[in-house]
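Presented below is the structure to which this report refers.
This structure is a prediction, so every number in the text was calculated from the model and none was measured. Values below: all heavy atoms of this structure, side chains included; hydrogens, waters and symmetry mates excluded.
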Amino acid sequence: MPLLLLIVVPLALFALMLLLWPLALWNRYRVGTSRRQPLRWLTRLNAWLIPASAVLFLGGMAITQLFVAHALPYAALGVLAGLATGVLGCVLTRVEHRPGQVWYTPNRWLVLALTLIVVARVLGAIWQAWERWRGDHAVLAAWGPLGEPAGLFAVAGLVIGYHAAYAVLLQWRLGPWLR
C-alpha cells in the first residue's frame, strides 16, 4: 500500500498542477496588469536583485554551455532582447501622481505578450521532449534554433532581461515620488 501511494500521490499532484495551470496564467496576467502603489524598499530591492539574478543566470548558462551547445549565446541574446523589451515596457507604463502618492500600471499588451511567450516556451519544451523521446531528431533539426534546447534558454533570458530592465528603470522613473 505505501508503495502505491508513492506512485499515485505524485501523479495526482502533477495532474492537479496541469489543471490549475490556466488559472495560474490568468492570475499572473491579472496581477501583472493591475494598478499598483510602489513601496520604496521593495522597488529598490527589485532594482538590485533582479539584475543580479540576470548576471547569475548568465553565469549558470556559461556552465551549462559545457553540456548544452549554444546555451550561453542564446541566453545572452535573450537577455539583450529582454533588456530592450524592458525599456519599452517602462516607457509604456502609465504613471499617476496624486498628492503624496504615486501609482503605476504596466502595459496590458506587453504583459499578455510575455505571458504567451512563457506559454509557448513550456509547450515548446514539451514538444522537444516528445520528439526526443520518439527519437526523431530530424524533426528537431529542421526547426533550427527552435528545435534546440538552447532555444528555450533564449526565452528564459528574454523574461529575466525584461524584468531586470523594468525594475531598474521603474525605480529610476518613480524615485522622486517614492515614500
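- Between Gln65 and Pro73, some side-chain heavy-atom pair lies under the 4.5 Å cut-off.
- Pairing each heavy atom of Gly32 with each of Val111, the nearest pair is O-CG2, 3.6 Å.
- Atom-to-atom distance recorded for Ile126:CD1 and Glu131:CD is 13.0 Å, nearest 0.5 angstrom.
- Shortest non-hydrogen contact noted between Ala167 and Ala47 is O-CB, 3.8 Å.
- Atom CH2 of Trp48 is surrounded by 12 or fewer heavy atoms from other residues, nucleotides or ligands within 6.0 Å.
- Considering every non-hydrogen atom in both Ala150 and Val68, the closest pair reads N-CG1, 4.2 Å.
- For the residue pair Pro51 and Asn46, the shortest heavy atom distance occurs at CD-O, 3.5 Å.
- Annotation: the span from Arg121 atom CZ to Leu158 atom CG amounts to 11.0 Å, rounded to 0.5 Å.
- Rounded to the nearest 0.5 angstrom, Trp109 CH2 and Leu92 CG are separated by 13.0 Å.
- The CG atom of Leu13 sits 11.5 Å away from the CG atom of Leu18 when rounded to the nearest 0.5 Å.
- Tyr29 OH to Leu116 CG: the interatomic distance, rounded to the nearest 0.5 Å, is 9.5 Å.
- Under a 3.5 Å cut-off, the side chain of Arg36 and the backbone N or O of Val31 do form a donor-acceptor pair.
- When atom types are taken as modelled, the side chain of Arg94 and the backbone of Thr105 share no donor-acceptor pair closer than 3.5 angstrom.
- A continuous path of hydrophobic side-chain contacts links Tyr162 to Leu174 [ILVMFWY only; heavy atoms under 4.5 Å].
- In this structure, Tyr74 and His70 have parallel ring planes: the angle between them is below the 30° cut-off, well short of the 60° mark.
- One finds the CG atom of Leu83 at 12.5 Å from the CG atom of Leu88 (value rounded to the nearest 0.5 Å).
- The cluster map of Ile, Leu, Val, Met, Phe, Trp and Tyr, joined by side-chain heavy atoms under 4.5 Å apart, puts Leu25 and Leu20 in different clusters.
- Taking the ring centroids of Trp133 and Trp130, they lie under the 6.0 Å cut-off.
- Scanning all heavy atoms of the two residues, the minimum distance from Phe57 to Ala75 falls at CE2-CB, 3.7 Å.
- By the 4.5 Å heavy-atom criterion applied to side chains, Cys90 and Trp172 are not counted as neighbours.
- Under the 4.5 Å side-chain heavy-atom criterion for ILVMFWY residues, a single connected hydrophobic cluster contains both Leu58 and Leu80.
- Arg173 places a side-chain N or O within 3.5 Å of a backbone atom of Thr93 that can act as its donor or acceptor partner.
- In plain terms, the two heavy atoms of Ala62 and Leu72 that are nearest each other are N-CD1, 4.0 Å.
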